[in-house]
A.B. asks: 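One structure is given below, represented as structure tokens, and several questions about it will come after.
Note that these values count all heavy atoms, side chains included, but never hydrogens, waters or copies made by symmetry. For ligands, and for the atoms within them, numbers begin at 1 and follow the listed sequence.
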Amino acid sequence: MVGAGWAGLAAAVHACEGGCRVTLFDMAPQPGGRARSVVLPAGGTLDNGQHILIGAYRETLALMSRVGIDIDSLLLRLPLELRYPDGRGLKVAAGPPLIGFALGVLTARGWAPSARVRFLRTAWRWWRNGMRNPGVATVSELCVGLPERVQAELIEPLCVAAMNTPAHEACATVFLRILADALFGAPGGSDLLLPRAGLSELLPRRAVQWLEQRGATIVFAKRVLAFEAAADGRLLVDGESFDSVVLACPAGEAARLVRSIEPRWSAQAGALRHEPIATVYLRRPGPVLSLPMLALRTGRDNPAQFVFDLEVLGPSSATLAFVVSGAGPWLADGLDALVQRVRSQALRELPTQFGGELPTVLHASAERRATFACTPGLQRPSMEVGPGIFAAGDYVEGPYPATLEGAVRSGLQAARRVLQTAA
Ligand SMILES: Cc1cc2nc3c(=O)[nH]c(=O)nc-3n(C[C@H](O)[C@H](O)[C@H](O)COP(=O)(O)OP(=O)(O)OC[C@H]3O[C@@H](n4cnc5c(N)ncnc54)[C@H](O)[C@@H]3O)c2cc1C
């Protein structure tokens, strides 16, 4: 396996359970890839970006259990609630998903009765259509006719949170699929699962221990540079010979590794466009937030869509994490400019939490290639790269946008193919 992100770890655990002798390489000194904790230069740890999971992440939760993680102690489960600092917004009620959603809409604070009814009618139409075949390309087109407030306070934040792509560019088909799984799927699918510990504790560290206890070889700080198919059908990873290889590194790196042996696959993977996400961690001298996560109003000078209270959640005291998904337009002026905007936005929206003073920055990070841009008609590279070579990663063809669940599912799928070829 090349890459010990969530996809590579899922693939390694499944292959190991299936009886394979697994070797896992990662160029970083630790596992987790884009979803890991980082040690700050000034001491302490924070995540390389605030993450949320949802109840519909079935395979991710099952994988965490398989490696011995106590999910309830590491994830705070809450009914989906998109609440703004002024109390407006919506909470999905407990119980059967359709009823919980309808009740949530009917009791949403700040929406006119006519807006609630129009939204319910539209959602009913989507549901009757099987949450498929939207007949339009983008999420904005899908939502034409919905009241502006519903679009701004619900659709836009959900879309950018789930797909990291703004509604006017995001694929309507994928959006409907996410809604189908989360809002209208199994009970609890829409629940928010908020990390109570650093991301490395959620899966990466424990998965590595689990693998090592079962004899897997794990090599960190080793960037795989060369990959060749040998004449005897085996595969050479920097000269070391293997029966099959799972490329669980990001699309661009997988494309580089197979450029000469699988040029068509390489061209497709290399052509994916990416979207950045920035996270700004600010010290909160005042009281904790009313909820662990709040939605924020966005605009030119208000880049962040969500804020998380890491003290309420557990990992860090007096710290708020502001998340800017689809951060491209704000990063065009540089990370510093984005941070200054977030500080001003934070003070405007949460004056009590910051005691009326511009907040102090604890840490800011921008992951330029956080996820692929989930746009209409996108052809994603397949898991089958070539004989004995499989790709795993959040970008590989599959039902989900770039998410932990997409990465884990694709890792499991690649490992199943490795086991089939070995049989
Ligand atoms: C800031 C941010 C916020 C996010 N928020 C959410 C969220 O709230 N919910 C959610 O579900 N998803 C979220 N995501 C997406 C999620 O993090 C990713 O979808 C997931 O982590 C991708 O996992 P992966 O294993 O496919 O790839 P990666 O995590 O990129 O793993 C690839 C691994 O390959 C290694 N590697 C690369 N090249 C080589 C090489 N040549 N040799 C050896 N090793 C190599 C890398 O070091 C890395 O460890 C977020 C992402 C970011 C960046």
A.B. asks: Minimum heavy-atom separation for Q50 and A321, please, with both atom names.
C.D. replies: OE1-CB, 4.0 Å

A.B. asks: For atom 15 (C) of ligand 1, what's the nearest protein heavy-atom neighbour? Residue, atom name and distance, please.
C.D. replies: A402 O, 3.9 Å

A.B. asks: Kindly give the heavy-atom pair with the smallest separation between S244 and T421, and that separation in Å.
C.D. replies: OG-OG1, 4.4 Å

A.B. asks: Which atoms of ligand 1 sit under 4.0 Å from any heavy atom of G49?
C.D. replies: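 Answer for ligand 1: 1 (C).
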
A.B. asks: Taking heavy atoms and a distance under 4.0 Å, where does E253 meet ligand 1: side chain, backbone, both or neither?
C.D. replies: side chain

A.B. asks: Could you see which bit of A248 sits under 4.0 Å from ligand 1, with heavy atoms only: side chain, backbone, both or neither?
C.D. replies: backbone

A.B. asks: By number and element, which atoms of ligand 1 are closer than 4.0 Å to a non-hydrogen atom of V2?
C.D. replies: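 Listed by number with element, the hits are 40 (C), 42 (N), 43 (C).
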
A.B. asks: Decide, yes or no, whether a salt bridge links D243 with R234 under the criterion of side-chain N to carboxylate O below 4.0 Å.
C.D. replies: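 A salt bridge is present here (some side-chain N lies under 4.0 Å from a carboxylate O).
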
A.B. asks: Could you report the tightest heavy-atom contact between A226 and L257, atom names first, then the distance?
C.D. replies: N-CD2, 4.2 Å

A.B. asks: How close does the nearest protein non-hydrogen atom get to atom 42 (N) of ligand 1, and which residue and atom is it?
C.D. replies: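 Minimum-distance protein heavy atom for atom 42 (N) of ligand 1 reads V224 N, 2.9 Å.
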
A.B. asks: How far is atom 29 (O) of ligand 1 from the closest protein heavy atom, and which atom is that?
C.D. replies: R34 N, 2.8 Å

A.B. asks: Restricting to non-hydrogen atoms, name the atom on A197 and the atom on L202 that form the minimum distance, rounded to 0.1 Å.
C.D. replies: O-CD1, 4.4 Å

A.B. asks: Numbering the atoms of ligand 1 from 1, which are under 4.0 Å from a heavy atom of K222?
C.D. replies: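 Answer, ordered by atom number: 42 (N), 43 (C).
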
A.B. asks: Between V160 and S325, which heavy-atom pair has the shortest distance, and what is it?
C.D. replies: O-CB, 3.7 Å

A.B. asks: Counting only heavy atoms, tell me which of E367, Q50, H51 gets closest to atom 51 (C) of ligand 1.
C.D. replies: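 Nearest heavy atom to atom 51 (C) of ligand 1 lies in H51.
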
A.B. asks: If you measure from atom 39 (C) of ligand 1 to every heavy atom of E405, R36, M27, Q30, which option wins on shortest distance?
C.D. replies: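 Checking each option, the heavy atom nearest atom 39 (C) of ligand 1 is found in M27.
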
A.B. asks: Give me the residue, atom name and distance of the protein heavy atom closest to atom 48 (C) of ligand 1.
C.D. replies: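 For this ligand atom, the closest protein heavy atom is D26 OD2, 3.4 Å.
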
A.B. asks: If I apply the N/O under 3.5 Å rule, does A7 come out as touching ligand 1?
C.D. replies: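 By distance alone, the answer is yes.
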
A.B. asks: Just to verify, which of T360, T319, D309 counts as forming a side-chain hydrogen bond (donor to acceptor under 3.5 Å, both in side chains) with R284?
C.D. replies: D309

A.B. asks: Considering only non-hydrogen protein atoms, determine which one is nearest to atom 9 (N) of ligand 1 and report residue, atom name and distance to 0.1 Å.
C.D. replies: I52 O, 2.9 Å

A.B. asks: Minimum heavy-atom separation for R88 and G110, please, with both atom names.
C.D. replies: NH2-O, 3.0 Å

A.B. asks: Who's the nearest protein heavy-atom neighbour of atom 31 (O) of ligand 1, and how far?
C.D. replies: G5 CA, 3.5 Å

A.B. asks: When you measure from atom 34 (O) of ligand 1 to every protein heavy atom, which one gives the shortest distance, and what is it?
C.D. replies: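 Nearest protein contact, heavy atoms only, for atom 34 (O) of ligand 1 is G3 CA, 3.3 Å.
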
A.B. asks: Would you say the side-chain atoms of R343 and Q340 include a donor-acceptor pair closer than 3.5 Å?
C.D. replies: yes

A.B. asks: Under a 4.0 angstrom heavy-atom cut-off, which atoms of ligand 1 come close to G393?
C.D. replies: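 The atoms of ligand 1 under 4.0 Å from a heavy atom of G393 are 26 (O).
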
A.B. asks: How far is atom 23 (O) of ligand 1 from its nearest protein heavy atom, and which residue and atom is that?
C.D. replies: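 I find the closest protein heavy atom is A407 CB, 3.6 Å.
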
A.B. asks: Begin with the C-alpha distance, continue with both residues' side-chain angles, and end with the deciding distance and a verdict on salt bridge (Lys or Arg N to Asp or Glu O under 4.0 Å) for R369 and E253.
C.D. replies: CA-CA 12 Å; R369 297 167 73 83; E253 189 68 354; over 6 Å; no

A.B. asks: May I ask whether Y57 has any heavy atom positioned less than 4.0 angstrom from an atom of ligand 1?
C.D. replies: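 So Y57 counts as touching ligand 1.
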
A.B. asks: Can you sort out which atoms of ligand 1 are near G33, meaning under 4.0 Å from one of its heavy atoms?
C.D. replies: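 Listed by number with element: 29 (O), 31 (O), 48 (C), 49 (O).
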
A.B. asks: Counting from 1, what ligand 1 atoms have a heavy atom of P250 closer than 4.0 Å?
C.D. replies: 30 (O), 32 (C), 34 (O), 37 (C)

A.B. asks: Applying salt bridge (charged side-chain N to carboxylate O under 4.0 Å, His left out), which residue pairs with at least one partner in residues 288-298 are found, sequence neighbours left out?
C.D. replies: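 Salt bridge (charged side-chain N to carboxylate O under 4.0 Å, His left out) check on residues 288-298 returns D86-R297, E153-R297.
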
A.B. asks: Answer yes if the side chains of E405 and T60 hold a donor-acceptor pair under 3.5 Å, and no otherwise.
C.D. replies: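 Looking only at side-chain atoms, T60 and E405 do form a donor-acceptor pair, the distance falling under 3.5 Å.
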
A.B. asks: Considering V237, N164, I277, D394, which one's heavy-atom position lies nearest to atom 20 (C) of ligand 1?
C.D. replies: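 Nearest option to atom 20 (C) of ligand 1, by heavy atoms: D394.
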
A.B. asks: Does any donor atom in the side chain of R348 or Q345 lie under 3.5 Å from an acceptor atom in the other side chain?
C.D. replies: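 No - no donor-acceptor pair under 3.5 Å links their side chains.
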
